[in-house]
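Atoms within each ligand, like the ligands themselves, are counted from 1 in listed order. Treat the numbers as computed from the prediction; the structure is a model and nothing was measured. Every heavy atom of this structure was used, including side-chain atoms; hydrogens, water molecules and symmetry mates were not.
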Amino acid sequence: MTDAPASEPDIRKGLVGVVADVTAVSKVMPETNSLTYRGYAVQDLAEECSFEEVAYLLWNGELPNAAQLSAFRREEASQRSITPALLEVIRRFPRDAHPMDAIRTAVSFMGMEDPEVADVSEPATRRKAMRLLAKIPTAIAAAHRIGKGMEPIAPDASLAFGENFFHLVFGKVPQPEVVKAFDVSLILYAEHSFNASTFTARTVASTGADLHGAITAGIAALKGPLHGGANEAVMHMLTEIGDPSRAVEWLQSRFDHKALVMGFGHRVYKNGDSRVPTMTKYAEKMAEVVGDRRWMEMSRLLAAEMRAKKRIEPNLDFPAGPAYHLMGFDIPLFTPIFVASRITGWAAHVIEQAADNRLIRPLSHYVGEAQRPVPPMSARG
Ligand code: COA
């Protein structure tokens, strides 16, 4: 017996167009290519604020005043150390482990060490979110340095969040223009409504599981090349092209093979990603500071050709990839940097989900075998 067509469920593959819940954290407006965090345009936040101010905004709904900001900074800076036990675990990671796998495992381990891991009350979740924000850069940089045969560097509580990240990775803080460009990237990466990793984190939180579990799952989702992993893929692509003179010909070969071009397209924005102009401006600044125009020139040619031939616009990962390369970061660190930022958005969503929770549990439409008896072993082919 088959179902009448009228009873066929309306399946939205990839949940395209499905509004799964309300949120007050951020608003994506594809019709105007714009994005606000708690009502503030992301490009204004990027120009006017530090990453710490934006983290405070996402977690508290309002921008901090001077006293609130300095208390927030002090708290974050005081929590940056990781335990000798975690450092020992990191030393035992396979040398060629991907840094996203390393930070996913480190966050999971931090959960087992956290004295409040099982407390899913809002105050405890906020305290745990602060600890994760503070410790994630330390763990990312330790895994990176150990993987390259170098000793990890202890965090410096006198440095701002972005400065400390450079200190942890390189042992020094670059000039202010570079730190500002990095901070801008963190602000732009901090939050983006119900993207795959945030929805994953909310799904985990909806079961009543703890913050560390939700963030571990979020990191696993972010690693994929269709999501956060695209910023690394963009730089691999630019490296493969090698020179602006080859960009158009290279792109044509992708078209001929009907292959994806990383850093282009978006599930929600179809006419351009709100964050791209700001990130491109700062990536251009990095090209000036470093004195290497090659990557941005290649990017400009690729974007123009994609627009002309496919009408597909770049997403944030497209300018972020070369920007991080120009800042001196190795490619496998690009998506972990995204984690160091997105922990703010993930935690804001976990808090919001828990405050008005309903278990996330969609349905599926079964298309497998009709019900049948289990055959005896002798009757199986
Ligand atoms: N390169 C080439 N073609 C692309 C493309 C890209 N980056 N992104 C979309 N397209 C094409 C699709 O092949 C599809 O063509 P078709 O209609 O002929 O089949 C059309 O544009 C619509 O795309 P679709 O796959 O339906 O969009 P989606 O909403 O399912 O996917 C992404 C969105 C982000 C997964 C997709 O654009 C992508 O894979 N981009 C590359 C990875 C990336 O940069 N991810 C970071 C996202 S922030």
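Of the candidates Val16, Leu260, Leu316, it is Leu260 that places a heavy atom closest to atom 6 (C) of ligand 1. Summarising the contacts of atom 8 (N) of ligand 1 with Phe255, Phe318, Phe264, Tyr269, the nearest heavy atom is found in Phe264.
Proximity of Asp317 to ligand 1, defined as any heavy-atom pair under 4.0 Å, is confined to the side chain (atoms from C-beta onward). For Pro225, every heavy-atom contact with ligand 1 shorter than 4.0 Å involves the backbone, none the side chain.
Both cation-pi conditions hold for Lys310 and Phe255: the charged atom is under 6.0 angstrom from the six-membered ring centre and inside a 45 degree cone around its axis.
Ring pair Trp295/His325 is perpendicular by interplanar angle, where above 60° counts as perpendicular and below 30° as parallel.
For an aromatic pair to be called close, the ring centres must be under 6.0 Å apart, and Phe161 with Phe72 fails this. Ring centers of Tyr282 and Phe182: at least 6.0 Å apart, outside the cut-off.
Using 4.0 Å as the threshold, Lys270 has a heavy atom nearer than that to some atom of ligand 1. At a 4.0 Å cut-off, at least one heavy atom of Gly263 sits close enough to ligand 1 to count as contact. Residue contacts with ligand 1 include His227, since one of its heavy atoms falls under 4.0 Å from the ligand.
Applying the salt bridge (charged side-chain N to carboxylate O under 4.0 Å, His left out) test to Glu240 and every residue at least two apart in sequence or in another chain returns nothing.
The closest side-chain donor-acceptor pair between His98 and Glu232 falls under 3.5 angstrom. Counting only N and O atoms by type, the side chains of Ser206 and Gln353 include no donor and acceptor under 3.5 Å apart.
The OG1 atom of Thr344 sits 15.0 Å away from the OH atom of Tyr56 when rounded to the nearest 0.5 Å.
Protein heavy atom closest to atom 48 (S) of ligand 1, with residue, atom name and distance, is His266 CD2, 3.6 Å. Of the protein's non-hydrogen atoms, Val261 N, 2.9 Å is the one closest to atom 1 (N) of ligand 1. Annotation: atom 45 (N) of ligand 1 to nearest protein heavy atom, Leu226 O, 3.1 Å. Closest to atom 4 (C) of ligand 1 among all protein heavy atoms lies Ile312 CD1, 3.4 Å.
Taking every heavy atom of Ala230 and a limit of under 4.0 angstrom, the matching atoms of ligand 1 come to 43 (C), 44 (O), 45 (N), 46 (C).
Checked for salt-bridge contact, Asp119 and Lys128 miss the test: no charged N lies under 4.0 Å from a carboxylate O.
Inside a 4.0 Å radius of atom 10 (N) of ligand 1 there is at least one protein heavy atom.
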